[in-house]
Amino acid sequence: MTVFIHLYYVIWIAFLTACCSTTGRELTSGQNVVSVAPIEVPDESMYPRFAEPIPNVTVTIGRDALLACVVDNLRGFKVAWVRMDTQTILSIHHNIITQNPRISLSYNDHRSWYLHIKNVQEVDRGWYMCQVNTDPMRSRKGYLQVVVPPSIIDNMTSTDMVVREGSDVTLVCRASGYPEPYVMWRREDGQDFNYNGESVSVVDGETLTITKVSRLHMGAYLCIASNGVPPSISKRIMLMVQFPPMLSIPNQLEGAYIGQDVTLECHTEAFPSSINYWTTDRGDMIISEMEIVGGKYEAFPMDSGYNKFMMLKIRNITKEDFGFYNCIAKNSLGETDGIIKLDEIPAPPSAFTTTQKPVLDNQTIKKKGYDDDNNSANLQRTNPFVITFFLCYTLLTRLYLYS
């Protein structure tokens, strides 16, 4: 097998020598990478010269790259493209030497020589040389930079986590890309969160460690990786914090009068989500009758994350409805309850409505004026003897007080 390979290379080199009068040899400083029969040119001005440097090229992985080499006064000399780091001859003049199908060559007016690389990969990153077979060799080189947008390494990145309140938790996010990606963490809802005693909105780095995690840390977190090569990428990680139910009651004493509707309210916090219900002071569970028209009880919860608002509406209060009511919350970690007392209060007096108020008409006003006039006339017709007696009594009383 080894003899066959050696024989293959001998035949390939002989073919290149016959067709192109060229051979490849190891890249060393100051030597030609491509040896072509040197052309003796007595006048230096007659030698080929590079019209411009080969520009460095930056291309995103998967795109196409183009390297340009412009040579003036090439005459009978030949141009070759060489991959410097691997010492690989890619092309000699009009011929492609490499067997990489993604590489092709084009040229224009025997002056501009273009190396095309399709669907660029990371292995294509490196130095490329354009060389002319003068003696000594003349060359220019350019760098092909291949950039890679960031991506999350799933098997090295945390998934959704469930932890107990008060424990420590570490979220990890690994990303790849070129240049090396920058990784940051933030809450999906954009809210600040407590991190090592400080309120922050963003945490830099691949790891997010929260000590003594609390229910306030619960939520979705985004691991975001970016390196200046679009697009940036993120992964959503849900952090769930378990804790037993806690309960608070806005009003532990409620008052209502007979015939009134009243609503009792309890607030609970729990994760996993708790089972909530109401009981009477006798321990009987209250069954909601929302579907029944004119039902006595209507229990309706309102959820907001790990918070729940328990509401119990009691319609048409009677004497038997006054007493104690229990709101109870249970989950796999524990249970809690709270008591609300419903007391009777006096019913408010009936309020007059505008329809019940009498409207004074002209006759009523006239009658009132007639009565006032009669009262004045009666005062004027009072017995004079009564008036004299009243004045004497007043005078004697004052004399007695001042004596």
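- Residues D337 and C327 are not in side-chain contact: their nearest non-hydrogen atoms beyond the backbone lie 4.5 Å or more apart.
- Here L105 contributes atom CG and H94 contributes atom NE2; the two are 8.0 Å apart, rounded to the nearest 0.5 Å.
- Salt bridge present: K235 and D154 bring a charged side-chain N and a carboxylate O closer than 4.0 Å.
- Counting non-hydrogen atoms of other residues, nucleotides and ligands closer than 6.0 Å to CE of M302 gives a total of 12 or fewer.
- If you take OG on S201 and CZ on F193, they are separated by 8.0 Å, rounding to the nearest 0.5 Å.
- Two residues are said to be in side-chain contact when any heavy atoms from C-beta on lie closer than 4.5 Å; Y182 and M184 meet this criterion.
- Taking the side chain as every heavy atom from C-beta outward, L333 and R164 approach each other to under 4.5 Å.
- For P181 against N227, the heavy-atom pair with the smallest separation is CA-CB, 3.8 Å.
- Looking at every heavy atom in both residues, P48 comes nearest to T134 through CD-CG2, 3.8 Å.
- The shortest side-chain heavy-atom distance between V169 and T211 does not fall under the 4.5 Å cut-off.
- Using a 4.5 Å cut-off on side-chain heavy atoms (C-beta onward), L342 and I317 make contact.
- At distances below 3.5 Å, at least one donor-acceptor pair connects side-chain atoms of Q260 with backbone N or O atoms of Y257.
- Summarising the local packing, CD of E344 is surrounded by more than 12 heavy atoms from other residues, nucleotides or ligands at distances under 6.0 Å.
- A donor-acceptor distance shorter than 3.5 angstrom exists from the side chain of N133 to the backbone of K78, with no hydrogens or angles considered.
- Note on E254 versus K341: no salt bridge recorded, every NZ/NE/NH1/NH2 to OD/OE distance being 4.0 Å or above.
- The minimum heavy-atom distance linking S273 with N331 is given by the pair O-CB, 4.1 Å.
- Of the possible polar contacts, none joining the S226 side chain to the G228 backbone as a donor-acceptor pair under 3.5 Å is found.
- Note that the OG1 atom of T280 and the CD1 atom of I286 stand 6.0 Å from one another [nearest 0.5 Å].
- Put simply, the side chain of L253 reaches to within 4.5 Å of the side chain of D343, judged on heavy atoms.
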With a cut-off of 3.5 Å and sequence neighbours excluded, list every side-chain donor-acceptor pair involving residues 111-118.
residue : atom : partner : partner atom : Å
R111    : NE   : D72     : OD1          : 2.4
R111    : NH2  : D72     : OD1          : 3.2
H116    : NE2  : S106    : OG           : 2.6

Derivation and outcome, side-chain contact (heavy atoms from CB on, under 4.5 Å), residues F324 and T279: CA-CA 9 Å; F324 295 94; T279 66; over 6 Å; no
Stepwise side-chain contact (heavy atoms from CB on, under 4.5 Å) check, V241 with Y306: CA-CA 10 Å; V241 182; Y306 58 80; over 6 Å; no
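- Counting heavy atoms from C-beta outward, R138 and F77 have side chains that stay 4.5 Å or more apart.
- Scanning both residues, K296 and D321, for their nearest heavy atoms gives NZ-OD2, 2.6 Å.
- Using modelled atom types, one finds a donor on one side chain and an acceptor on the other under 3.5 Å when comparing N276 with S274.
- At a threshold of 4.5 Å between non-hydrogen side-chain atoms, the residues Q242 and V162 count as touching.
- Under the 6.0 Å distance and 45° angle rule, R125 counts as a cation-pi partner of Y178.
- Formation of a donor-acceptor pair under 3.5 Å by the H110 side chain with backbone atoms of R75 is found in this model.
- Ion pairing of D160 with R236 is absent here, as no side-chain N (NZ or NE/NH1/NH2) approaches a carboxylate O to less than 4.0 Å.
- Remark: aromatic rings of Y128 and Y143 are distant, center separation not under 6.0 Å.
- Residue C69 holds its SG atom at 10.0 Å from CD of Q131, rounded to the nearest 0.5 Å.
- Taking CD1 of I97 as the start and CD1 of I92 as the end, the distance is 4.5 Å to the nearest 0.5 Å.
- C130 approaches F50 most closely through the heavy-atom pair O-CZ, 3.7 Å.
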Trace of the side-chain contact (heavy atoms from CB on, under 4.5 Å) decision for V123 with Q121: CA-CA 5 Å; V123 294; Q121 303 299 311; 4.0 Å; yes
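- Applying the 6.0 Å contact sphere to CE of M246 captures no more than 12 heavy atoms from other residues, nucleotides or ligands.
- Using a distance-only test at 3.5 Å, with no hydrogens or angles considered, no donor-acceptor pair links the side chain of D281 to the main chain of G323.
- The 12-atom threshold is not exceeded at CD1 of I275, counting heavy atoms of other residues, nucleotides or ligands nearer than 6.0 Å.
- Looking only at distances, no side-chain donor or acceptor of N56 sits under 3.5 Å from a matching main-chain atom of G142.
- Ion pairing between a basic and an acidic side chain is recognised when a charged N comes within 4.0 Å of a carboxylate O; D85 and R83 show such pairing.
- A donor atom on one side chain and an acceptor atom on the other are found under 3.5 Å apart for T88 and T86.
- Heavy atoms only, all atoms of each residue included: I61 and V120 are closest at CG1-O, 3.3 Å.
- Under the 4.0 Å criterion applied to side-chain N and carboxylate O atoms, R102 and D64 are not assigned as salt-bridge partners.
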Stepwise side-chain hydrogen bond (donor to acceptor under 3.5 Å, both in side chains) check, T207 with T170: CA-CA 7 Å; T207 60; T170 297; over 6 Å; no
Verdict with supporting geometry, M310 and W278, side-chain contact (heavy atoms from CB on, under 4.5 Å): CA-CA 9 Å; M310 301 171 58; W278 294 86; 3.8 Å; yes
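- Annotation: the span from I237 atom CD1 to I152 atom CD1 amounts to 8.5 Å, rounded to 0.5 Å.
- The main-chain N or O of A299 is found under 3.5 Å from a side-chain atom of S288 such that the two form a donor-acceptor pair.
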Criterion side-chain hydrogen bond (donor to acceptor under 3.5 Å, both in side chains) on H267 and E269, from CA distance to verdict: CA-CA 7 Å; H267 298 173; E269 297 180 4; over 6 Å; no
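- The salt bridge (Lys or Arg N to Asp or Glu O under 4.0 Å) check on E320 picks up nothing, with sequence neighbours excluded.
- Proximity of a side-chain donor or acceptor of H93 to a complementary backbone N or O of V79 within less than 3.5 Å is detected.
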